Amino acid sequence: QAEDGIRDCLLSRGLGDVYKRQSLFNSDGGTLTLGYNQSTNNFENKVDPLSGFFNDNNFGNNYLVNPYFYTGSGDDYFMSFNGDDNFGIDTFGKIDSLVNNAGIMPLSFIEQGRTDEWDSMIDVNIKGVLYAIDSVYNHMIERGNGQIINISSVAGKRLIPGSAVYSGTKFAVGAISEGLRIESAGKLQVTCIFPGAFETELGTTIKDTSMLEYLASEAKYVNLAQPAERIAEAILYALKQKPGVAANEIVLRPTAQDF
């Protein structure tokens, strides 16, 4: 818990919206940088309410809503409007914590061959995590401390029909987190959170009609999701760990979820 630090978060879709509402930044005197993908649908409808929320809750100048573009490769993977990938560092001086929350979940059966969706999942769910880590890693290591929280999924521990590629990306997030923990031992607090079924917009990224029909036909997938605030609380729990310890893995499922 830094007294005057940033929690610099890449937030996308439903869980990101809930996380900022649960945030402890204002009460702790910290600052917050939010990254939203300019290329996603309804970008303006996302950013305007975010700014309004912080203004309404007296955050003053302690937050930034910084749009970025997804380019797909290279050092410019996340580029802000002003082309500055150190936006949070340049504005507030340092980054204490990074929450890697961006992700998509276009589930489909392999036989459908939806290769564009596979590429997008690899780009966002794996490369996005890696490039975001890279953007803060040296900054944190040189300072000797920092927190990185990666959001995986229970799909990164077991599969269901149609989740092969998505699960592959989420298994990768777990492996990246463990490698990061080992390589940064003694300096960084690394957490990987594995959420189950919660109320976010991930389901809206499923476009394969056969997959949607399958999910609708299986009773165990219906009316299962719990409020996303529970995951936001897990993120805050990880952020509140004192230096020298870390909650390395957190698995959180609805009690009714048996997969």
Side-chain angles (χ1 to χ4, degrees), residues 10-19 35-46 49 69-72 77 99-130 132 150-176 192-232 234-235 251-259:
L10 291 178
L11 304 179
S12 76
R13 302 188 179 271
L15 185 53
D17 290 340
V18 170
Y19 175 53
Y36 259 80
N37 191 345
Q38 166 71 0
S39 64
T40 58
N41 294 332
N42 299 320
F43 171 76
E44 293 82 2
N45 293 335
K46 292 288 188 181
F69 293 101
Y70 162 70
T71 62
Y77 188 87
V99 179
N100 255 324
N101 184 59
I104 58 174
M105 189 186 69
L107 302 178
S108 66
F109 298 110
I110 291 175
E111 68 181 8
Q112 299 298 321
R114 300 175 73 92
T115 55
D116 287 345
E117 291 180 349
W118 302 349
D119 288 340
S120 294
M121 279 190 282
I122 291 168
D123 284 341
V124 176
N125 298 357
I126 300 178
K127 292 181 180 179
V129 169
L130 286 169
N150 296 324
I151 308 301
S152 178
S153 168
V154 293
K157 289 188 171 291
R158 59 181 299 182
L159 284 75
I160 65 169
S163 79
V165 180
Y166 177 69
S167 288
T169 67
K170 291 304 183 177
F171 271 92
V173 172
I176 291 165
C192 190
I193 298 178
F194 299 83
F198 290 90
E199 294 169 352
T200 75
E201 295 178 15
L202 277 176
T204 65
T205 65
I206 303 173
K207 305 301 182 185
D208 179 7
T209 55
S210 61
M211 187 72 214
L212 291 169
E213 291 169 359
Y214 168 73
L215 293 173
S217 70
E218 293 288 321
K220 65 181 179 180
Y221 300 132
V222 178
N223 298 323
L224 182 65
Q226 291 293 306
E229 283 85 353
R230 304 293 84 80
I231 303 301
I235 294 170
V251 181
L252 206 63
R253 291 181 178 91
T255 54
Q257 183 173 348
D258 64 356
F259 57 92

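Bear in mind that the values here come from a model prediction, so they are computed numbers and not experimental data.
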Closest non-hydrogen atom pair between [X] and [Y], with its separation:
X	Y	result
V124	G103	CG1-CA, 3.9 Å
P254	A197	CG-O, 3.1 Å
G162	M211	CA-SD, 3.7 Å
S152	C192	CB-SG, 3.7 Å

How many angstroms lie between atom [atom1] of [X] and atom [atom2] of [Y], to the nearest 0.5 angstrom?
X	Y	atom1	atom2	result
E201	I104	CD	CD1	13.5 Å
Y166	T205	OH	OG1	8.0 Å
S167	I160	OG	CD1	7.5 Å
N100	N125	CG	CG	10.5 Å
I206	L107	CD1	CG	4.0 Å
R114	S210	CZ	OG	7.5 Å

Enumerate, atom names and distances included, each donor-acceptor pair closer than 3.5 Å involving a side-chain atom of residues 215-228, sequence neighbours excluded.
{"unit_1": "S217", "atom_1": "OG", "unit_2": "E213", "atom_2": "O", "d": "3.4"}
{"unit_1": "S217", "atom_1": "OG", "unit_2": "Y214", "atom_2": "O", "d": "2.7"}

Taking side-chain hydrogen bond (donor to acceptor under 3.5 Å, both in side chains) as the test, write out the residues that go with R253, two or more places apart.
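Counting only residues at least two positions away or on another chain, R253 forms no side-chain hydrogen bond (donor to acceptor under 3.5 Å, both in side chains).
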Side-chain donor/acceptor of T169 to backbone N/O of I122, under 3.5 Å:
no
Determine whether the side chains of D208 and S108 contain a donor N or O and an acceptor N or O closer than 3.5 Å.
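No, because no side-chain N or O of D208 sits under 3.5 Å from a partner of the opposite role on S108.
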Is there a side-chain contact between I193 and L252 in this structure, where contact means two heavy atoms from C-beta onward sitting under 4.5 Å apart?
no
Using a 4.5 Å cut-off on heavy atoms from C-beta on, say whether the side chain of V251 contacts that of V154.
yes
